[in-house]
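Taking it in order: structure first as structure tokens, then the write-up.
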2 protein chains.
Amino acid sequence: MRIVALPEILAAIDEDEITALIEDGFRRFSAGGADVMAVGHLQFPDALGDCHVKGASLRGDDIFAIKVATSFYRNPAIGLNSGNGFIAIASAVTGEVQAILHDEGQLTDLRTALGGAIAARAIARRDSKVLGIIGSGSQAKLQARAIQRTLGIEELLVWARDPGRAAAVGGEVVSLPELAARADLIVTTTPSTVPHLTVEMARPGMRIVAVGADMPGKNEIAAGLMAQARIVVDSRVQCIDHGDTASAIAAGLIDGSALIELGELLTAPIDFGDDEIVVADLTGVAIQDVQIAKSVWSRIGRG
Amino acid sequence: MRIVALPEILAAIDEDEITALIEDGFRRFSAGGADVMAVGHLQFPDALGDCHVKGASLRGDDIFAIKVATSFYRNPAIGLNSGNGFIAIASAVTGEVQAILHDEGQLTDLRTALGGAIAARAIARRDSKVLGIIGSGSQAKLQARAIQRTLGIEELLVWARDPGRAAAVGGEVVSLPELAARADLIVTTTPSTVPHLTVEMARPGMRIVAVGADMPGKNEIAAGLMAQARIVVDSRVQCIDHGDTASAIAAGLIDGSALIELGELLTAPIDFGDDEIVVADLTGVAIQDVQIAKSVWSRIGRG
């Protein structure tokens, strides 16, 4: 077994290869070709922290992965990153642990951003030029970069509660209603429990990638807006349980059977009408962790 | 972050300290002082393998642990142990990963054996002299050793499907009915899906520690025998879901509300009547992994 430290991991990242592997992973997952563990959660209320554990194996692969990721929100005040953790890679033939990718949460950040870009490309209108980012954390910046890299974005709008932090994302700082009115594609990246995007902000052709509401209780999009949208989810099982989709289902405004899984959409693309509202609700699926770990580990092996 | 390899782990084991910590962990768990993750499972049917992930934090502790353990049953044929895995230790204050105890499954084996010995001491009749072990795998040997060390055992009986392997456990190889009739305390350690201990074998004062049936579908004790017993479980939540207790509940023969949790029993011992049948159904709880990891890691830190 080998520990791989962060610098070696970062040197082994190939975003195009990882993106292709994650797309392939979503397709195989939605086609029933993956065994995905129930997500494990631990809470540390006194330290404002949480830990989640995800794991999966893709049928036919010779390795699988288990990811441990922690977020402790008081860390920045003492000069530490809030994110930490690792991805363990083990043989699917003998169970032997081959490597601990000690990514300190960075592979989770990257696979989340690339997942957002994959979903953005799958639901965006062809003429999308204006990207609106809600939030100012690391995912705000990573999503902006990944989606600008993927789509022909010409303009970046940003809203965050703290305008100074919003400016640091890059682009033009605007109000929420202005962002909702002008952006061709909106990405929500905050841990809010109160929706930023309200029913009043709904307009024809709106496209939203929701990556912030990844835990039970978090919610960035009003249920009444979700009710007007076609909804793409990364995982039906997870999205019915938590995030914006779960909130709208709990409100009785949408029906779980109408959800489209991202892997299905990638296999059989849908030509959404230009007036349709489409939301891609992403909670993060273990196959993303497996695929990014496979890419990094195989490149280190090829070394 | 540090990887601790198996030899250093084995050198840091103090069974008395670990036993005391695990008992304390069971008490705190049953008193609501632990946050325990849902157990994660992955199956590898082609390789006859499985992986399970357990994690927990005990309130007030400054570290917590996540355990990954694999069992691949074809490994011995190619000269490898079937068990593998590690326990990760992280700070409960910052989430930083401090250590990977690369125990290759051996800490799981040991904490399971010590859990069995703890349960055995809690339910055994005072005059117990004859220990009966069902099975011939590593847990058969470890449970025999741990329980002989704990109770005043004078005689060891063993039954396993393969008499040659049964002999290797040590003690006298007997038939199942003879073992059931003669043993003061029986430990079941097999992955059977068909009960070894039948209703016909029931007798007053029977005491059974069941450690084999740790996964949905596994079953070593007939539901009709369970129905005659007072049942102690390591975790109400887990035992209602899988193992011998779950099978008996599914058969409508026992009621989940009558279960006694081991941590409750350790806090408030019960003087079981000499004619009562008592079963301790153990599925393995993450607090055992946390406590054994804490002991090993603290002794390594102490140098």
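So that the names make sense, note that chain A is the first sequence line, chain B the second, and so on, each numbered from 1. In this text the structure is predicted, and so the values were computed from the model without any measurement.
Proximity to chain A at a heavy-atom threshold of 4.5 Å picks out B/Ser91, B/Ala92, B/Val93, B/Thr94, B/Gly95, B/Glu96, B/Val97, B/Ile100, B/His102 from residues 90-106 of chain B, in numerical order. By a heavy-atom distance cut of under 4.5 Å, B/Ile3 are the residues of residues 3-15 of chain B near chain A, going up by number.
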With a 3.5 Å cut-off and sequence neighbours excluded, list the donor-acceptor pairs that the side chains of residues 107-115 of chain B form with protein atoms.
{"residue": "B/Thr108", "atom": "OG1", "partner": "B/Lys67", "partner atom": "NZ", "Å": "2.8"}
{"residue": "B/Arg111", "atom": "NE", "partner": "B/Asp289", "partner atom": "OD1", "Å": "2.7"}
{"residue": "B/Arg111", "atom": "NH2", "partner": "B/Asp289", "partner atom": "OD1", "Å": "3.3"}
{"residue": "B/Arg111", "atom": "NH2", "partner": "B/Asp289", "partner atom": "OD2", "Å": "3.2"}
{"residue": "B/Thr112", "atom": "OG1", "partner": "B/Thr108", "partner atom": "O", "Å": "2.6"}

Name the atoms and distances for all side-chain donor-acceptor pairs under 3.5 Å in residues 78-87 of chain B, with sequence neighbours left out.
none

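Within the 4.5 Å cutoff, the side chain of A/Ile66 has no heavy atoms near those of the B/Ile66 side chain.
Counting non-hydrogen atoms of other residues, nucleotides and ligands closer than 6.0 Å to CZ of B/Arg165 gives a total of 12 or fewer.
Heavy atoms of B/Phe64 lying under 4.5 Å from chain A belong exclusively to its side chain. If you measure heavy-atom distances from B/Asn75 to chain A, the contacts under 4.5 Å come from the side chain alone.
Contact count versus chain A (heavy atoms, under 4.5 Å) is highest, among B/Pro45, B/Ser57, B/Gly49, for B/Ser57. Counting heavy-atom pairs closer than 4.5 Å to chain B, the top-ranked of the candidates A/Ala38, A/Ala88, A/Ser71, A/Ala56 is A/Ala56. Of the listed residues (B/Val53, B/Val39, B/Val68), the one with the most heavy-atom contacts under 4.5 Å to chain A is B/Val53.
With hydrogens and angles disregarded, no donor-acceptor distance shorter than 3.5 Å links the side chain of B/Asp35 to the backbone of A/Leu42.
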